[in-house]
Amino acid sequence: LAKTTQPISMDSYEGQEVNITCSHNNIATNDYITWYQQFPSQGPRFIIQGYKTKVTNEVASLFIPADRKSSTLSLPRVSLSDTAVYYCLVEGGADGLTFGKGTHLIIQP
Amino acid sequence: DAGITQSPRHKVTETGTPVTLRCHQTENHRYMYWYRQDPGHGLRLIHYSYGVKDTDKGEVSDGYSVSRSKTEDFLLTLESATSSQTSVYFCAISESGDSLDRDTEAFFGQGTRLTVV
């Protein structure tokens with residue numbers, strides 16, 4: 001049973017806000033929600049992490065509803081360089097970091 | 001960037017030969033991970049380590065073994081390489097594998113492209 005489910009791909013345009021939603025119905029009490037970004041021919045890199053409500057940093061915002069069964073990564077005013085694969089992870093124990101297939105985000109001019 | 005180095009960066013080998021990939025870190029992080037990435041499959045965990053001589057299997061561990069004799073090095077070995085092990089391999093490190101520590105950001109190496117012919 002997959003820990004997370006997210007759309008395989010999304011398209012948007014430069015200057016738009018992009019929201020990527022991830023479902024994690026079986027999230028455990030100890031689990032945090034973490035998002036990574038991966039460009040072609042590179043390893044993933046950490047974007048943001050949260051436990052509940054809202055977290056914001058210089059790159060993105062993460063919205064987590066009260067039931068924590070889903071989360072939304074929000075990228076404000078995207079540019080072409082935001083074209084990448086975005087992974088949602090839930091992690092709480094020392095059992096390895098499990099990545100899914102991610103969401104391929106394509107930003108067009 | 002976190003001090004993590006994978007070697008070699010590229011390798012072509014023949015079916016049936018043993019292959020060892022090396023991951024070296026200078027961050028003194030406790031956790032180290034090996035992943036493979038294939039089109040249509042995303043990143044899949046092969047093995048991980050939570051300390052010297054402490055390792056555990058991931059979701060695709062068959063055909064792979066690992067060793068960690070010191071904190072800074074995590075070796076991935078393919079005892080007898082097969083064509084199905086052609087892939088890009090990523091190593092990652094993190095200070096803690098327990099999210100309660102709030103320090104679970106993982107840092108990835110640049111990857112090793114392995115081709116088994």
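Note on naming: letters A, B, ... go to the chains in the order of the sequence lines (proteins, then strands), and numbering restarts at 1 for each one.
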- Message: Which one wins on heavy-atom pair count under 4.5 Å against chain B: A:Gly43, A:Gly100, A:Pro44?
- Response: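 Maximum pair count with chain B is reached by A:Pro44.
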- Given A:Phe99, which of B:Tyr33, B:Phe90, B:Phe108 fulfils the ring pair (Phe, Tyr, Trp, His ring centres under 6.0 Å) condition?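 Exactly one option meets the ring pair (Phe, Tyr, Trp, His ring centres under 6.0 Å) with A:Phe99, and it is B:Phe108.
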- Query: With a 4.5 Å heavy-atom cut-off, do B:Glu105 and A:Gln49 have their side chains touching?
  - Reply: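 No. Closest side-chain heavy atoms not under 4.5 Å.
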- Does any non-hydrogen side-chain atom of B:Tyr64 lie less than 4.5 Å from one of B:Lys57?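 B:Lys57 does not reach B:Tyr64 side chain to side chain.
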- What option among B:Gly109, B:Gly40, B:Gly58, B:Ala92 has the most heavy-atom pairs under 4.5 Å with chain A?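 Winner by heavy-atom pair count: B:Gly40.
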- Query: Based on non-hydrogen pairs under 4.5 Å, which of B:His47, B:His41, B:Gln37 is most in contact with chain A?
  - Reply: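 Among the listed options, the one with the most contacts to chain A is B:Gln37.
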- Task: Might you confirm whether atom OH of A:Tyr13 has over 12 heavy atoms from other residues, nucleotides or ligands at distances under 6.0 Å?
- Result: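 Result for OH/A:Tyr13: open.
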